[in-house]
2 protein chains.
Amino acid sequence: MARAPQERAVRTRATILRAAAQIFDEYGFSGSSVSKIIKLAGTTQGAMYFHFKSKEDLAKAVIDEQASDLDLPEQPAGLHQLVRTTLYLADELRENVLLRAGVTLAVEQGQLGLRDFGPYEMWAGQFRAELEAARRAGELLDDVVVEEFAQVLVAAYTGSQIMSHLRTGRADLPGRIGRLWWFLLPGIAPAPVAAELRAYVREYGKQPA
Amino acid sequence: MARAPQERAVRTRATILRAAAQIFDEYGFSGSSVSKIIKLAGTTQGAMYFHFKSKEDLAKAVIDEQASDLDLPEQPAGLHQLVRTTLYLADELRENVLLRAGVTLAVEQGQLGLRDFGPYEMWAGQFRAELEAARRAGELLDDVVVEEFAQVLVAAYTGSQIMSHLRTGRADLPGRIGRLWWFLLPGIAPAPVAAELRAYVREYGKQPA
């Protein structure tokens, strides 16, 4: 039986988006072209322009939908889950092309003429929910302002990702995220919680610097 | 008396470099052109190409020489000076055009076809020297690996700068750097040192988030 037209359109859009991510990831924004993307997606120019107006529009969609292929926790559960999620993201940044390209385009968006805080706010919101669960579970020190730490964590993560990308093509990112947590934990968690999580992240942090 | 030709060449190069920084800062790399830079510098095409081969070469010089107009401490002196320096840099990032443009180009260098870890390593080295002085002064906990924390600090600074640039054109950067230190200090400094410096950075961190 033929698929409903709407379902086919959804699949076509998804195929084009992932082809765009792959081309942006490989060639950078300025080295990418709509024709390369159409060719990789195996679609027509008409189908492409039905879904996306331009190369800029495709880049914006890749930035906005960078998390679409991730398997993120459905419910916030506190500090342990937050630490695990950041390490999971470090692994995904090595292989998940939509996340790789979305993150790189967000960092370099000035060159696209964009000034979009949205992707950073999206991650801050994700982290904030875990931190609020951490507070309810007694895993945060009283003087930690959740919104402030969420912003610091997104910033530190973003910079770690950039340095790791430049230095090792992101191979050392899990180690960098492990070491980041190692330094941050005593400032946010009661001593027993910090000690337990430090023992956990130390294994990641031992990976070559 | 006429200036020596060599001295004049040095001044011309410095003028072109700062004009390039101003144009890159205003228009971004792809929106900038050598002709705009020559016009702003008030120099000739010949003088320009004597010093710089291309727009890419100019961008690389702005990245490499981003710290040239800063008034950095001559001798490392430990954790207090490191904290003060990072807050000084946050102020300079709002006004110092060579630093502004150099930092932005370093972040977006993928679009220029560059993969240069050098600027990050330069700042890591600057911070490392202060951390080694901090260690000699008893301002660091025994289990802090200086190189690891230097890398974490550069990463966290880089990401804070990017978010602040997007969100407020860097107006909130001193506040972000103050809050960053507030969370990092307990993981690196003995309790009395951390408490003293936390009181100092809290004033910066109180600036609007």
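In the text below, chain A, chain B and the rest are named by the order of the sequence lines, each starting its count at 1. Just so we're clear, the structure is a prediction, and the values are computed from it rather than from any experiment.
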Option that, when pairs with chain B are counted at under 4.5 Å, heavy atom only, ranks first among A:Val152, A:Leu153, A:Leu141, A:Thr158: A:Val152
A:Met163 versus B:Tyr120, closest heavy-atom pair with distance: CG-CD2, 3.9 Å
Neighbourhood of chain A inside residues 96-108 of chain B, taking heavy atoms under 4.5 Å as contact: B:Val107, B:Glu108
B:Gly187 versus A:Pro186, closest heavy-atom pair with distance: CA-CG, 3.7 Å
Proximity breakdown for B:Ile162 and chain A, heavy-atom pairs closer than 4.5 Å: side chain
Reported CD-to-CD distance for the pair B:Gln109 and A:Gln111, which is rounded to 0.5 angstrom: 11.5 Å
Part of B:Asp143 lying under 4.5 Å from any heavy atom of chain A: both
Members of residues 28-46 of chain A whose heavy atoms come closer than 4.5 Å to chain B: A:Gly28, A:Phe29, A:Ser30
Region of B:Gln161 in contact with chain A, defined by heavy-atom distances below 4.5 Å: neither
Contacting moiety of A:Val154, where chain B heavy atoms sit under 4.5 Å: both
Approximate separation, where rounding is to 0.5 Å, of A:Arg167 CZ and B:Arg115 CZ: 12.0 Å
Heavy-atom closest pair, residues A:Val145 and B:Phe183: O-CZ, 4.3 Å
Worked verdict on A:Gln151 versus B:Arg179 for side chain to side chain contact (heavy atoms under 4.5 Å, CB included): CA-CA 9 Å; A:Gln151 292 278 324; B:Arg179 290 188 290 275; over 6 Å; no
Under 4.5 Å from a heavy atom of chain A, the part of B:Leu184 involved: both
B:Phe117, CZ: over 12 other non-hydrogen atoms inside 6.0 angstrom: yes
